[in-house]
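Treat the numbers as computed from the prediction; the structure is a model and nothing was measured. Chain letters run A, B, ... following the sequence lines, proteins first and then strands; every chain starts at 1.
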2 protein chains.
Amino acid sequence: MPKETFFNLPEEKRQRIIEAAIAEFATHPFQQARVTVIADRAGIAKGSFYQYFEDKKDLYTYLMGLLFQKKMSYLNRDLVENRGKYPFFQLLREVFLSGIRFAKENPRLVPIGMMLANDKQLYREIFGQHEDASIEFFRQLLEEARAQGEIDPAIDPKVAATMLTGLVYSLTDLIVEDGKLDLDDMAIIDQMLYFAENGLKKKD
Amino acid sequence: MPKETFFNLPEEKRQRIIEAAIAEFATHPFQQARVTVIADRAGIAKGSFYQYFEDKKDLYTYLMGLLFQKKMSYLNRDLVENRGKYPFFQLLREVFLSGIRFAKENPRLVPIGMMLANDKQLYREIFGQHEDASIEFFRQLLEEARAQGEIDPAIDPKVAATMLTGLVYSLTDLIVEDGKLDLDDMAIIDQMLYFAENGLKKKD
DNA sequence: TTACAATGTGAATGTACGGTCATATGAATA
DNA sequence: TATTCATATGACCGTACATTCACATTGTAA
């Protein structure tokens, strides 16, 4: 956690520091991200940085918390909390859509998350032992959908959850990387959902 | 390319260096991998390292070449060259299988490949402009299968290729990471193919 | 206005590591 | 044995950072 001094800072300055950190972590993995660059960019002295944070990881961890919160805020709360009431594939569509909305509106945050996901060591240090949260989330939805007879019982929820997570990653990749594809976002999502739905749903 | 001195080395010593490099690059991304550790582990002096290689990247690039070759060697040659003769989903199964065989028999090489795939900058410096080779490969197969009427024409080959690549990555992950899953490899592959086949094949 | 605390600062410190170089070793040749 | 060439070596150099610290500035309360 940042030190108290950080939270005492005027909002504007705090924001500048966060912006600078985002800019640096969006372009460099944790180890290669430079405190000096963040401080310069935020217009504060290097010494001040250490008045606000224990060290580089302190800031990084804090930032990941903000990022996680932000990402969660894109999920439709009602849909998640009353998920039992909605058909699985509608939930799935909502999850995909929220991911895309998040990525479109916060393009700089996406690579930060990707880089963290790629560094399992660091990921565990920050979020604890938990499995990849997104696999866990899909697995839960899938278990419930299976119980409801919505999806093909031949499919193992853990494997399917892993595959769905893989799909989401590639989707994000496609959307964030410019000029990779001429389809628009909705078309891509539709393709993926179509694929996933046919792949998972209960066969007659 | 390594210098001539490297290729003049006795086989055994060359092997030791490669082993040491694999061990280091399997556990550290390129930038964090240490020449000193590789030299120590191989039992050579740091100075010698620079007799054999231009620099760290020289060794790394060479290693990636070996790795690529090795991976390719797992693909059934006949199936690829005469791919027109085989049904798409059989080809797909073969590709998945070869990927798993490779991963099972060379578990330390997998994270090396993953880390390179995650570093697009470096990837391009090493393999040139080409898109991710695996997406390209799947796209090609899909185009051909679509022309044959084997897969659903509503699906864009580029999107599908990206999705399949995403699937392969996540599955490799599942297989290499220990204790993540109790299914055996074949069961995982079958699940994945079942999923992909239902997702892609032409609907009646 | 002085005194004290809180905050800001960037020069200095320590360390890690890639890469170089002067020197040593050893095999082959004469 | 002396000479030469290829190879081996590890101390050394330079650089890039993360982090620290002695000092400066600012705010505040008496």
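- Below the 3.5 angstrom threshold, one finds a donor paired with an acceptor across the side chain of Lys46(A) and the base of dT19(D).
- When distances run from any side-chain atom of Asn8(A) to the nucleotides dT7(C), dT7(D), dG10(D), the shortest one goes to dT7(C).
- Put simply, NE2 on His28(A) is 14 Å from P on dA16(D), counting in whole angstrom units.
- Between dT9(D), dT20(C), dC17(D), one nucleotide has an atom nearer to the side chain of Arg34(A) than all others, and that is dC17(D).
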### Task
Might you work through the side chain to side chain contact (heavy atoms under 4.5 Å, CB included) test for Thr165(B) and Phe137(B), ending with a clear yes or no?
CA-CA 10 Å; Thr165(B) 305; Phe137(B) 179 69; over 6 Å; no
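- Contact check on Arg108(A) versus Glu19(A) returns a salt bridge, with a Lys/Arg side-chain nitrogen under 4.0 Å from an Asp/Glu carboxylate oxygen.
- Nearest to the side-chain atoms of Thr5(B) among the listed nucleotides dA8(D), dT7(D), dG8(C) stands dT7(D).
- Going from atom CZ of Phe49(A) over to atom P of dC17(D) covers 15 Å, rounded to whole Å.
- Across all strands, Thr36(B) comes closer than 4.0 Å only to sugar-phosphate atoms, never to a base (heavy-atom distances).
- Under the 4.5 Å side-chain criterion, counting only non-hydrogen atoms from C-beta, Asp58(B) is in contact with Pro2(B).
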### Query
Could you walk me through whether Leu122(B) and Glu125(B) pass the side chain to side chain contact (heavy atoms under 4.5 Å, CB included) check?
CA-CA 5 Å; Leu122(B) 189 60; Glu125(B) 285 175 28; 4.2 Å; yes
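- One cannot find a donor-acceptor pair under 3.5 Å joining the base of dG19(C) and the side-chain atoms of Lys56(B).
- Counting to the nearest Å, the P atom of dA16(D) and the CD atom of Glu24(A) are 15 Å from each other.
- Rounding to whole angstrom units, CD of residue Gln32(A) and C1' of dC17(C) are separated by 14 Å.
- Lys13(B) comes within contact range of the sugar-phosphate backbone alone, with a heavy-atom separation under 4.0 Å but no base atom that close.
- Atom CG in Asp40(A) sits about 12 Å away from atom C1' in dT9(C), given to the nearest Å.
- Phe30(A) carries Lys56(A) over the face of its six-membered ring, with the cationic atom under 6.0 Å from the centre and within 45° of the normal.
- No contact: Ala39(B) has no heavy atom under 4.0 Å from any strand.
- When the nucleotides dT20(C), dG10(C), dA8(D) are ranked by their closest atom to the side chain of Tyr50(B), dT20(C) comes out on top.
- We find that CG of Leu9(A) is positioned 16 Å from P of dA6(C), with the value rounded to whole Å.
- Listed nucleotides: dG8(C), dA8(D), dG10(C). Nearest to the side chain of Ser48(A): dG8(C).
- Between Gly47(A) and Gln31(A), the residue anchored nearer the 5' end of DNA chain D, judged by the nucleotide with its closest heavy atom, is Gln31(A).
- Nearest nucleotide to the Tyr52(B) side chain, out of dA8(D), dA18(D), dT9(C): dA8(D).
- Rounded to an integer number of Å, the gap from CG of Asp58(B) to P of dT20(C) is 12 Å.
- Note: CD (Gln51(B)) to P (dT9(D)) measures 10 Å, nearest angstrom.
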